[in-house]
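This report refers to the structure that appears directly beneath it.
Keep in mind that this is a model prediction, so the values were computed, not measured.
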Amino acid sequence: MFNWLLDEKTRRWRDEVRDFVKSIPRQMILDMDADKIRFPKEFLQEAGRRNLLGCRYPRQWGGREMDWVSTCVAMEEVGTLGYIFACTFGVGAELVCDAIVLHGTDAQKERYVAPLLKGEIFAAECLTEPRGGSDFFGTTTTAVDKGDHFLLNGQKRFIVGGEGADYFLVYARTDPKAKPHEGITCFIVDRGPGVETAYLYGLMGCRGGGTSRLVFKDVRVPKENVLGRLHGGFDVFKTMMIPERLGTAAMTIGAARPALEVATGYSTRRKAFGKPIQEFQGVSFQVAEAAMLLDASRAMVHATATAVDRKAPAATVRRMISETKKFVTESCQKVVHYAMQVMGGIGYTTVFPVERIYRDLRLASIWTGTNEIMAGIIAHEWYKEYWTMKAARLTRDVEQDAAGADDVEEKVYE
């Protein structure tokens with residue numbers, strides 16, 4: 001952690017979260033990975049009792065009125081318990097609550113945000129469908145206006161918290177004739193008649209979070225549970241991409257950090273050819289590479305969080321968020337790879353937690369938008385930014401700083 005980048009208030013906040021992390025029993029971590037715990041309600045209840053959920057939100061609803069830097073600090077620390085702990089911590093308190101705080105009515109905040117931040121109820125976000133993951137606007141879930149309510153039908157899959165949540169943030173098509181991004185509405189859907197947890201996934205890693213397929217069959221959703229405006233689901237979706245992807249990056253750092261710490265300690269004790277293996281460059285250089293990638297990842301997260309806090313232009317934030325999610329998740333997967341390589345065969349066993357971390361972090365570059373989607377956004381926004389700079393002549397025309405710059409006949413583009 002970069003202590004010198006944090007003010008005193010944020011350092012105290014980080015220490016609070018660290019105390020909470022240290023209080024979590026080892027057995028809970030093992031039971032989560034073994035799927036003996038299907039959803040960590042006790043973990044979230046304790047976080048709520050300590051007022052650690054949703055630190056960015058107004059005190060009126062149970063938050064602490066902090067910023068994105070503080071949120072990322074918390075997500076990193078919680079991530080050290082295991083990726084799924086950070087996933088469940090973030091999905092309700094940072095994703096669902098973010099949407100309701102930004103787009104909801106006071107009545108919705110009172111009913112759904114305040115008790116969640118106290119750890120009294122739990123929430124999940126429903127985006128992915130069986131026939132579409134990255135194709136969000138291709139949703140086939142529908143909500144038909146029935147006068148005083150909507151009738152919701154459809155399915156969502158890979159829903160973290162689908163097993164344990166009390167309510168869900170669900171996107172559904174409400175205007176089949178409109179353009180894809182103009183005919184979707186976001187709803188707050190209570191668990192009740194017609195809401196079925198149909199399938200609990202067996203996962204490679206990130207177990208114990210109740211990741212499920214949900215079926216909505218003729219679910220009555222009252223009109224007051226529309227989040228934002230009718231057909232305005234895209235407005236909610238756009239703002240959700242900040243907590244989804246920046247939060248993912250921050251928690252991934254936390255989840256990768258223990259792997260480097262374990263491998264570093266191991267390399268100081270394990271001996272080969274009569275000396276600790278840290279003295280071999282083949283080992284110490286991998287540790288050095290991993291440490292560098294973690295530091296670079298953390299610097300990127302803090303820079304992006306600061307951009308969001310200081311209200312940088314939306315296009316810049318969109319590019320930085322996508323860059324951060326892609327770079328950090330891929331870098332942290334490399335960190336865990338190096339850690340396992342340093343430890344050799346023993347790192348591949350359950351004697352150390354590195355194999356679990358390795359399994360868990362494979363999710364990082366897939367969920368909340370695949371890294372291929374991130375690359376597409378980065379390219380799109382960068383080209384727009386390039387042409388804006390060129391048109392405004394904001395920077396030096398460096399293309400002319402070449403000896404042959406005037407050889408126009410050699411500049412062939414078609």
Side-chain angles (χ1 to χ4, degrees), residues 32-33 35 72 75-76 78-79 81-92 94-96 124-139 155-163 169 171 199-214 237 240-257 259 293-294 297 300-301 304 318 320-337 339-340 354-380:
M32 289 277 283
D33 191 46
D35 263 334
C72 288
M75 294 306 295
E76 176 177 344
V78 173
L81 283 168
Y83 208 46
I84 190 58
F85 285 90
C87 291
T88 54
F89 184 93
V91 163
E94 300 299 337
L95 297 184
V96 175
E125 179 198 28
C126 299
L127 281 176
T128 302
E129 297 189 356
R131 292 177 180 82
S134 298
D135 183 14
F136 166 73
F137 298 116
T139 180
Q155 297 187 33
K156 302 288 182 176
R157 76 188 321 193
F158 306 145
I159 307 307
V160 175
E163 173 77 3
L169 208 63
Y171 294 85
Y199 187 80
L200 189 66
Y201 291 98
L203 302 177
M204 173 181 171
C206 289
R207 300 165 182 161
T211 303
S212 311
R213 176 165 58 87
L214 291 169
F237 176 80
M240 292 286 279
M241 291 306 99
I242 294 176
E244 280 219 353
R245 292 163 181 172
L246 184 53
T248 288
M251 72 173 71
T252 306
I253 296 170
R257 202 173 85 196
L293 288 172
L294 271 187
S297 295
M300 203 165 190
V301 165
T304 302
R318 194 156 44 245
M320 292 182 70
I321 291 281
S322 301
E323 288 174 349
T324 302
K325 195 271 180 180
K326 184 177 189 301
F327 177 83
V328 171
T329 56
E330 292 174 2
S331 295
C332 288
Q333 286 170 343
K334 291 177 184 176
V335 167
V336 183
H337 167 82
M340 185 172 285
V354 176
E355 65 84 26
R356 171 176 54 79
I357 297 170
Y358 193 99
R359 287 187 285 107
D360 286 351
L361 257 65
R362 188 59 188 87
L363 175 65
S365 55
I366 298 173
W367 86 318
T368 69
T370 67
N371 282 10
E372 290 71 28
I373 293 292
M374 297 303 100
I377 296 171
I378 294 163
H380 178 75

Between [atom1] of [X] and [atom2] of [Y], what distance do you get to the nearest 0.5 Å?
{"X": "E94", "Y": "C87", "atom1": "CD", "atom2": "SG", "answer": "13.0 Å"}
{"X": "R213", "Y": "I159", "atom1": "CZ", "atom2": "CD1", "answer": "11.0 Å"}
{"X": "I366", "Y": "I373", "atom1": "CD1", "atom2": "CD1", "answer": "13.0 Å"}

Which is it for C126 and L214 under the side chain to side chain contact (heavy atoms under 4.5 Å, CB included) test, yes or no, and what are the steps along the way?
CA-CA 9 Å; C126 299; L214 291 169; 3.7 Å; yes

Between [X] and [Y], is there a donor-acceptor pair closer than 3.5 Å when you use the side chain of the first and the backbone of the second?
{"X": "D360", "Y": "C206", "answer": "yes"}
{"X": "K326", "Y": "T370", "answer": "no"}
{"X": "K156", "Y": "Y171", "answer": "yes"}
{"X": "R359", "Y": "M204", "answer": "yes"}
{"X": "E163", "Y": "T211", "answer": "no"}
{"X": "K325", "Y": "A364", "answer": "yes"}
{"X": "T304", "Y": "V301", "answer": "no"}

Is it the case that over 12 heavy atoms from other parts of the model lie below 6.0 angstrom from the OH atom of Y358?
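Check fails, neighbour count at 12 or below.
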
Dump the intermediate steps for side chain to side chain contact (heavy atoms under 4.5 Å, CB included) on V160 and W367, then the final yes or no.
CA-CA 11 Å; V160 175; W367 86 318; 4.2 Å; yes

Any side-chain heavy-atom pair of [X] and [Y] under 4.5 Å:
{"X": "E244", "Y": "T248", "value": "no"}
{"X": "I321", "Y": "M241", "value": "no"}
{"X": "M320", "Y": "M300", "value": "no"}
{"X": "L127", "Y": "F158", "value": "no"}
{"X": "R157", "Y": "Y201", "value": "yes"}
{"X": "F89", "Y": "L81", "value": "no"}
{"X": "H380", "Y": "R318", "value": "no"}

For the residue pair T329 and T252, confirm or rule out a side-chain donor-acceptor distance under 3.5 Å.
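The criterion, which ignores hydrogens and geometry beyond distance, is not satisfied for T252 and T329.
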
Under 3.5 Å side-chain donor-acceptor pair for S212 and Y199:
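No.
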
Step by step, would you call M340 with E355 a side chain to side chain contact (heavy atoms under 4.5 Å, CB included)?
CA-CA 8 Å; M340 185 172 285; E355 65 84 26; 4.1 Å; yes

Write down the atom of [X], the atom of [Y], and the distance for their closest heavy-atom approach.
{"X": "I377", "Y": "S322", "value": "CG2-OG, 3.3 Å"}
{"X": "M32", "Y": "I84", "value": "CE-CG2, 3.6 Å"}
{"X": "C72", "Y": "L246", "value": "SG-CG, 3.8 Å"}
{"X": "C332", "Y": "A256", "value": "CB-CB, 3.7 Å"}
{"X": "G208", "Y": "D35", "value": "N-OD1, 3.1 Å"}
{"X": "T324", "Y": "A249", "value": "CG2-CB, 3.7 Å"}

One pair to check against side chain to side chain contact (heavy atoms under 4.5 Å, CB included): Q333 and R362. What are the steps and the verdict?
CA-CA 7 Å; Q333 286 170 343; R362 188 59 188 87; 4.0 Å; yes

Do E76 and R257 meet the salt-bridge criterion of a basic N to acidic O distance under 4.0 Å?
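Result for this pair is yes, salt bridge flagged.
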
Could you tell me which residues satisfy salt bridge (Lys or Arg N to Asp or Glu O under 4.0 Å) with R207, sequence neighbours excluded, listed by chain and number?
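Salt bridge (Lys or Arg N to Asp or Glu O under 4.0 Å) check on R207 returns D33.
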
